[in-house]
Student: 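I'd like to ask you about the structure that follows.
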Amino acid sequence: MTKPNMDLRTLFEARLQAEGISFSAALAKIKVEHRALNGALDATQKRHDLLMLARLADFLQIPRPEFFTSFVGDLESSFAHEVSTAEKELFIREHFNLPYLKQIGLIDDPKNLQEVEESIIAHFGYVSIFDYQKELFGATFSSGKPKSKTSFEKDFWAARSAKVLNGINNYFPYDRDGLKAYVQRMRWFSMNVKKGLYQVIRDLFKLGVTVILRPYDPKLYARAATFPVEDKWGIVLTNYSDNYPTFWFALLHELHHVLFDYEHVKNFYYHITGELDLYSPHEVEADEFANNMLLPPSKFEQAKPHIGNRSFVEEFARVNQVHPSVIYARYCWEMQEVDEKVWAKFKHLIPSAAEALPMLKGNPWQNKVALKEIAKQTENEFFKGI
C-alpha cells in the first residue's frame, strides 16, 4: 500500500469491501461527486480539489505525503503526452523562425505546431524534435562580433548542409598533400565549361573533400561554406552569382579554408563565406589564394591593357591554361566602381553558372524533401561510379 504510483482504483474497491459500504456511501463520506472521484482514481482528470484528495487519502488509509507523491506520479504518466507537447511547442517557438520555414517551403502553416514538428523531424530524419539541438554549431563568426539578425537562418542553413554532407558516403580518406598538389592545376579544367567543374568535384571527392550545390539565399549572404565532416571536409557552393568564373573562384576560396584554416573552421564548427566577413583576414587570404590559383596578378596585369582585344585574351588564356572568362570577370570586378556598364560590356563573353553545373533537378532544397534524399540525389548525380 506504500508503493509509489499505486493503483488507486483497486485500493478504493478494497476499502469499500473492508468498510462494507457502497460506492454512493463512499462518495458521501469523502464529500466528492461521482465524476470527480473517478477522475482521481483513474488519473483521467488534470484538475482536482486538494481537500478532496486529502479526504480520499484518509479514506484509503494512506499517509497524505505518500498519497500525493503517488498521485502526482500517476498524473504525470497519464498526461505525459500533453506535458511533452507543451515542451515541444516551447522548444519549437524558441529554436525556429517559423515564417522563414514557410518561406523556404518546409512547412505550410506556422500556427500548426504539430505539423511543424512532423515536417522538421521528417526533413532531418530525427527521432525527436529535440534532436535539432544537437545540430546547432555555435557562432559563425569570431566571438567578439555581435550575432547576426539572421543567426537562426544561418544555423538552419548550416544544419541542413551538414546533414546532407554527412549523408553522402565518401569512403576516401582526406589527402592534404594530394589536395595541395591538385589545386595547382585546377584552373586547367576551367577551359571545359560543360564538364570541367563536374570533373573537379569528382576528383576532390577522391581526395576526401565532398562538394555539394544548393541555391543561393540572398537573405543570408551565404555564398559558400566549409564544414568538417568527421575526419574529412565538405564544401557547399551556391549560385550567388550567375557567372561561370565565380564558381571556380568560390571553390578555390573554400579550398584555402580547407588547407590552411583548419583550426579556425574546427573551432567554429563551420565557416560561411558571405558579405558580413568579406574583409576578415581569413577571407582576404582566401581571396588572394583563389586569384593566384586561377591567374596570378602579374599575369592578369599583362592581359589588362588588351582586354578589348578578344583574340588576344583568348590566346593569352589558352597559353595560361584558364578560361578567358576568368580574365573578363576579374577585370569587371576591378572596374565596376568606375564603370557601371563594365559588366554589360563583357557579359556575352562570360558563360552562365548553369552552363557548367546546374542545380539539382526539382530544387529539393526549397520543399519538404528529406535531407537524406537530397544526399542520395547528390551522390547519384555527382559521385556515382567513382
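Only a predicted model underlies this, so the values are computations on that prediction, with no experimental measurement involved. Counting from 1, the numbers follow the sequence of the chain as shown.
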Student: Ignoring hydrogens and geometry beyond distance, is a side-chain donor-acceptor pair present between E89 and T85 at under 3.5 Å?
Tutor: no
Student: Verify side chain to side chain contact (heavy atoms under 4.5 Å, CB included) between K88 and F130, making sure each step is shown before the conclusion.
Tutor: CA-CA 8 Å; K88 286 187 282 190; F130 300 109; 3.6 Å; yes
Student: Quick check: closest heavy atoms across V322 and V326, and the distance to 0.1 Å?
Tutor: CG2-CG2, 3.6 Å
Student: May I ask you to test the M293-R187 pair for a side-chain heavy-atom distance under 4.5 Å?
Tutor: no
Student: Same hydrophobic cluster for L90 and L113, using side-chain heavy-atom links shorter than 4.5 Å among ILVMFWY?
Tutor: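 L90 and L113: separate clusters.
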Student: Output yes when R318 and E315 qualify as a salt bridge under the 4.0 Å nitrogen-oxygen rule, no when they do not.
Tutor: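 Salt bridge flag = yes for E315 with R318.
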Student: Run the side chain to side chain contact (heavy atoms under 4.5 Å, CB included) test on L237 and Y216 for me, step by step, so that the C-alpha distance in whole Å, both residues' side-chain angles and the decisive distance to 0.1 Å come before the verdict.
Tutor: CA-CA 9 Å; L237 295 180; Y216 176 62; over 6 Å; no
Student: Got a second to check how far Q184's CD is from N292's CG, nearest 0.5 Å?
Tutor: 9.5 Å
Student: Could you check whether any side-chain heavy atom of V116 comes within less than 4.5 Å of a side-chain heavy atom of I120, counting everything from C-beta outward?
Tutor: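 A side-chain contact exists here, since the closest heavy-atom pair is under 4.5 Å.
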Student: Could you give the distance from CD1 (I374) to CZ (R214), rounded to the nearest 0.5 Å?
Tutor: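 Here the interatomic distance stands at 8.0 Å.
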Student: Using 30° and 60° as the class boundaries, would you call the ring planes of F205 and F383 parallel, tilted or perpendicular?
Tutor: parallel
Student: For residues P245 and I350, determine if any side-chain heavy atom of one lies less than 4.5 Å from a side-chain heavy atom of the other.
Tutor: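 The answer is yes, as the side chains (C-beta and beyond) meet within the 4.5 Å cut-off.
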Student: Taking the six-membered ring where the residue is Trp, are the ring centres of F316 and H306 under 6.0 Å apart?
Tutor: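 Not close enough - the centres of the two rings lie 6.0 Å or further apart.
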Student: Between CZ of R93 and CG of L98, what distance do you get to the nearest 0.5 Å?
Tutor: 7.0 Å
Student: Parallel under 30°, tilted from 30 to 60°, perpendicular over 60°: which one fits the rings of H257 and H253?
Tutor: perpendicular
Student: Check the angle between the aromatic planes of F96 and F152 and answer parallel, tilted or perpendicular using the 30° and 60° thresholds.
Tutor: perpendicular
Student: Same hydrophobic cluster for W188 and V193, using side-chain heavy-atom links shorter than 4.5 Å among ILVMFWY?
Tutor: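 No: no chain of side-chain contacts under 4.5 Å links W188 to V193.
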Student: Give a yes or no on whether I201 and Y171 share a hydrophobic cluster (residues Ile, Leu, Val, Met, Phe, Trp, Tyr; joining criterion: side-chain heavy atoms under 4.5 Å apart).
Tutor: yes
Student: Do the ring centers of F300 and Y331 come within less than 6.0 Å of each other?
Tutor: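 Between F300 and Y331, the centre distance exceeds or equals 6.0 Å.
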Student: So, for V209 and N170, which heavy atoms are closest and what is the spacing to 0.1 Å?
Tutor: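 The answer is N-ND2, 3.9 Å.
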Student: Output yes when a side-chain donor or acceptor of E355 lies under 3.5 Å from a complementary backbone atom of S352, and no otherwise.
Tutor: yes
Student: For E301, does the CD atom have more than 12 heavy-atom neighbours from other residues, nucleotides or ligands under 6.0 Å away?
Tutor: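 For E301, atom CD is crowded (more than 12 foreign heavy atoms under 6.0 Å).
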Student: When you measure from the side chain of R310 to the backbone N and O of L349, does any donor-acceptor pair fall under 3.5 Å?
Tutor: no
Student: Mark yes or no for whether R223, through its side chain, and A250, through its backbone, hold a donor-acceptor pair below 3.5 Å.
Tutor: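 Not confirmed, R223 side chain does not pair with A250 backbone.
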Student: Can you confirm whether F124 sits close enough to D131 that some side-chain heavy atom of one is under 4.5 Å from a side-chain heavy atom of the other?
Tutor: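 Not in contact.
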Student: For the residue pair A225 and E254, what are the closest heavy atoms and their distance?
Tutor: C-OE1, 3.4 Å
Student: A quick test of your reading: do over 12 heavy atoms of other residues, nucleotides or ligands sit less than 6.0 Å from CD of Q114?
Tutor: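 Open.
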Student: Without swapping roles, check the side chain of K232 against the backbone of F172 for a donor-acceptor pair under 3.5 Å.
Tutor: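 Side chain of K232 to backbone of F172, a donor-acceptor pair under 3.5 Å: yes, one is there.
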Student: Does a donor on one side chain sit under 3.5 Å from an acceptor on the other, for N97 and E153?
Tutor: yes
Student: So D108 and K102, do their side chains get closer than 4.5 Å, heavy atoms only?
Tutor: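 No, their side chains stay 4.5 Å or more apart.
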Student: What I'd like to find out is whether the side chain of P215 reaches to under 4.5 Å of the side chain of Q366, using heavy atoms alone.
Tutor: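 No. Closest side-chain heavy atoms not under 4.5 Å.
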Student: Determine whether the side chains of Y328 and N243 contain a donor N or O and an acceptor N or O closer than 3.5 Å.
Tutor: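 The answer is no; no qualifying pair exists.
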Student: I'd like to know if the side chain of R64 reaches the main chain of D58, judged simply by a donor and an acceptor atom lying under 3.5 Å from each other, with no hydrogens or angles considered.
Tutor: no
Student: Testing the basics here: between A370 and A122, what is the closest heavy-atom pair and its distance to 0.1 Å?
Tutor: CB-O, 3.7 Å
Student: Does one hydrophobic cluster hold both F346 and V338, with members joined at side-chain heavy-atom distances below 4.5 Å?
Tutor: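 The answer is yes; both residues are in one hydrophobic cluster.
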Student: Check the angle between the aromatic planes of F156 and Y132 and answer parallel, tilted or perpendicular using the 30° and 60° thresholds.
Tutor: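 The rings of F156 and Y132 sit tilted, inter-plane angle from 30° to 60°.
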Student: For the residue pair W157 and F227, categorise the inter-ring angle as parallel (less than 30°), tilted (30 to 60°) or perpendicular (more than 60°).
Tutor: parallel
Student: H123 and side-chain hydrogen bond (donor to acceptor under 3.5 Å, both in side chains): which partner among E118, K368, R160?
Tutor: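 Of the listed options, the one satisfying the test is R160.
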Student: What heavy-atom pair brings Q336 and W343 nearest, and what distance separates the two atoms?
Tutor: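 Closest approach of Q336 to W343, heavy atoms only: OE1-NE1, 2.9 Å.
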Student: Surrounding CD of E334 (heavy atoms of other residues, nucleotides or ligands, distance under 6.0 Å), is the total greater than 12?
Tutor: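 Counting other residues, nucleotides and ligands, CD of E334 exceeds 12 neighbours.
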Student: Could you tell me whether the side chain of Y240 and the main chain of A224 form a donor-acceptor pair under 3.5 Å?
Tutor: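 Not a single qualifying donor-acceptor pair exists.
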Student: What is the distance from atom CZ of R55 to atom CG of L50, rounded to the nearest 0.5 Å?
Tutor: 10.5 Å
Student: Please examine the side chains of L56 and L41, heavy atoms only from C-beta on, and report whether any two atoms are closer than 4.5 Å.
Tutor: yes
Student: Could you walk me through whether W248 and M186 pass the side chain to side chain contact (heavy atoms under 4.5 Å, CB included) check?
Tutor: CA-CA 9 Å; W248 288 98; M186 268 179 55; 4.2 Å; yes
Student: Check whether any side-chain heavy atom of W333 lies under 4.5 Å from a side-chain heavy atom of V342, and answer yes or no.
Tutor: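 No, too far: nothing below the 4.5 Å cut-off.
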Student: Can you tell me how far apart CG (L259) and CZ (F289) are? Round to the nearest 0.5 Å.
Tutor: 5.5 Å
Student: Give, for atom CD1 of I327 and atom CD of E314, the distance between the pair rounded to the nearest 0.5 Å.
Tutor: 9.5 Å
Student: For side chain to side chain contact (heavy atoms under 4.5 Å, CB included), just list the numbers for F59 and V32, CA-CA rounded to whole Å, side-chain angles, deciding distance to a tenth of an Å, and then say yes or no.
Tutor: CA-CA 12 Å; F59 177 77; V32 62; over 6 Å; no
Student: Under a single-linkage definition using a 4.5 Å side-chain heavy-atom cutoff for Ile, Leu, Val, Met, Phe, Trp and Tyr, are M191 and L252 assigned to the same hydrophobic cluster?
Tutor: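 Looking at the clustering, L252 is in a separate group from M191.
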Student: Has N367 got a side-chain atom pairing as donor or acceptor with V369's backbone, closer than 3.5 angstrom?
Tutor: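 Here the side-chain-to-backbone pair exists.
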Student: Work out which heavy atom in A57 is nearest to a heavy atom in F67; give both atom names and the distance.
Tutor: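 Where A57 meets F67 most closely, the heavy atoms are CB-CG, 3.5 Å.
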Student: Determine whether a donor-acceptor pair (N or O, by modelled atom type, separation under 3.5 Å) exists between the side chain of T226 and the backbone of V258.
Tutor: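 It does not hold such a pair.
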